[in-house]
Novice: 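I'd like to ask you about the structure that follows.
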Protein chains: 2
Amino acid sequence: MTTIPRAGSAFLLAQIGAHAAARYAERVAALDLTPPQTGLLRAVAVEPGRSQQALATHLGMPASRLVALVDGLADRDLLERRRNPDDRRLHALHLTDAGEAMLSRIGRVAHAHDDALLAALDDTERATLHRLLTRIADDQGLTPGVHPGYRQV
Amino acid sequence: MTTIPRAGSAFLLAQIGAHAAARYAERVAALDLTPPQTGLLRAVAVEPGRSQQALATHLGMPASRLVALVDGLADRDLLERRRNPDDRRLHALHLTDAGEAMLSRIGRVAHAHDDALLAALDDTERATLHRLLTRIADDQGLTPGVHPGYRQV
DNA sequence: TATTGTTATACTCTATAACTATA
DNA sequence: TATAGTTATAGAGTATAACAATA
């Protein structure tokens, strides 16, 4: 007789995580954005003025991919490249006013997403979950705000 | 002044989930398997004899993709197709003895993976987390054992 | 010569849809 | 005509690496 391994927490985390990412992608699509784009906007807001190279390293993606991401957001005036007069190779990234406005819309979307995903839990349980997840993320060496799966779409 | 939205639980779940999936992929690569392959082996074990069509629907993937998956596992004698004499269009899927043996190796790998991912938590906390995650997965209508991100690799 | 940013190429993976066989 | 399974094609998305500008 065969024993079927029961789903452990690691599987549940991967399963719920993929579900959460897909639902989030749907929500930000209403803003005509993809999850990696929202991640980049957020990263720029956290520390304006970083170079594309620095951001690519921070986000864990090849520079060539970041260029395409920046292109799309710059075309829509959400982000701008500013040349550094001291070292003209560097392009410092900054949010535009429209970019700031977009970021707060993203914040509202993320909040609604959070609320829908955790609908099954009451406030105390949500706080407990958040605390446990933070401990795991910290222990696993995950960079705050950086999604390892900022690939595709 | 700009307000940076703090990472909520939905983001943490997506982040940790992607991390967990990547670490799991590394572990099963040692068995020369991909995560979708392990998912298929498990699904066959749970209910042997299902048709490829039924399994494709269950796992949420196109039949053409399942065929390639089955091909790879059948070539390695982990899985076998059995023709149904009553309806020769149907290919019932069953694990071979080697497939059963592989599944228990997968179980051990998954257990070690679980343990490493939850290293930051004690037993009581792990139980609490598992209970909360199960409630969320259930509330969100996720099919037990089926990873929505059984794509790529 | 080294580094930033950019562009081009080649590859991997996937879904769509055509096709074959059985019913 | 409809369904199970299979194969072929075409498209999306990526990383690698070549390239241009600046240091």
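Proteins come first, then strands; the chains are lettered A, B, ... in the order of their sequence lines, and each starts at number 1.
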Novice: Please report, rounded to the nearest Å, how far the P atom of C:dA21 is from the CD atom of B:Gln53.
Specialist: 18 Å
Novice: Can you figure out which of C:dA15, C:dG5, D:dG5 approaches the side chain of B:Pro62 most closely?
Specialist: C:dA15
Novice: What residues form a side chain to side chain donor-acceptor pair (under 3.5 Å) with A:Arg89, not counting sequence neighbours?
Specialist: A:Asp87
Novice: Tell me: CG of B:Leu90 to C1' of D:dT6, nearest whole Å?
Specialist: 15 Å
Novice: For A:His91 and C:dT3, give me the distance from atom NE2 to atom P, rounded to whole Å.
Specialist: 18 Å
Novice: Tabulate protein N/O versus nucleotide N/O from nucleotides 17-23 of chain D, keeping only pairs under 3.5 Å, one per line.
Specialist:
unit_1 : atom_1 : unit_2  : atom_2 : d
D:dA23 : OP1    : A:Arg88 : N      : 2.7

Novice: Using the test side chain to side chain donor-acceptor pair (under 3.5 Å), find all partners of A:Arg81 that sit at least two apart in sequence or belong to another chain.
Specialist: A:Gln52, A:Asp71
Novice: I need the CD-C1' distance between A:Gln52 and C:dT6, as an integer number of Å.
Specialist: 9 Å
Novice: For A:Asp71 and B:Ala63, find the nucleotide of DNA chain C closest to each by heavy atoms; which residue's nucleotide sits nearer the 5' end?
Specialist: A:Asp71
Novice: Regarding B:Arg82 and B:His91, do their side chains bring together a donor and an acceptor under 3.5 Å, going by distance alone?
Specialist: no
Novice: Could you work out, with side chain to side chain donor-acceptor pair (under 3.5 Å) as the rule, every residue matching B:His113, not counting sequence neighbours?
Specialist: none
Novice: Could you give the CD-to-P distance, from A:Gln37 to D:dG13, as a whole number of Å?
Specialist: 11 Å
Novice: Closest approach to the side chain of A:Arg65, judged atom by atom: which nucleotide of C:dT4, D:dG5, D:dT14 is it?
Specialist: D:dT14
Novice: Got a sec, which hydrophobics cluster with B:Ile16, joining ILVMFWY side chains under 4.5 Å apart, including via others?
Specialist: A:Leu12, A:Leu13, A:Ile16, A:Leu117, A:Leu118, A:Leu121, A:Leu129, A:Leu132, A:Leu133, A:Ile136, A:Leu142, B:Leu12, B:Leu13, B:Leu117, B:Leu118, B:Leu121, B:Leu129, B:Leu132, B:Leu133, B:Ile136, B:Leu142
Novice: Rounded off to whole Å, could you give me the CG-to-P distance for the A:Leu66 and D:dA15 pair?
Specialist: 12 Å
Novice: List the residues meeting side-chain contact (heavy atoms from CB on, under 4.5 Å) with A:Asp115, not counting sequence neighbours, and say none if there are none.
Specialist: A:Arg126
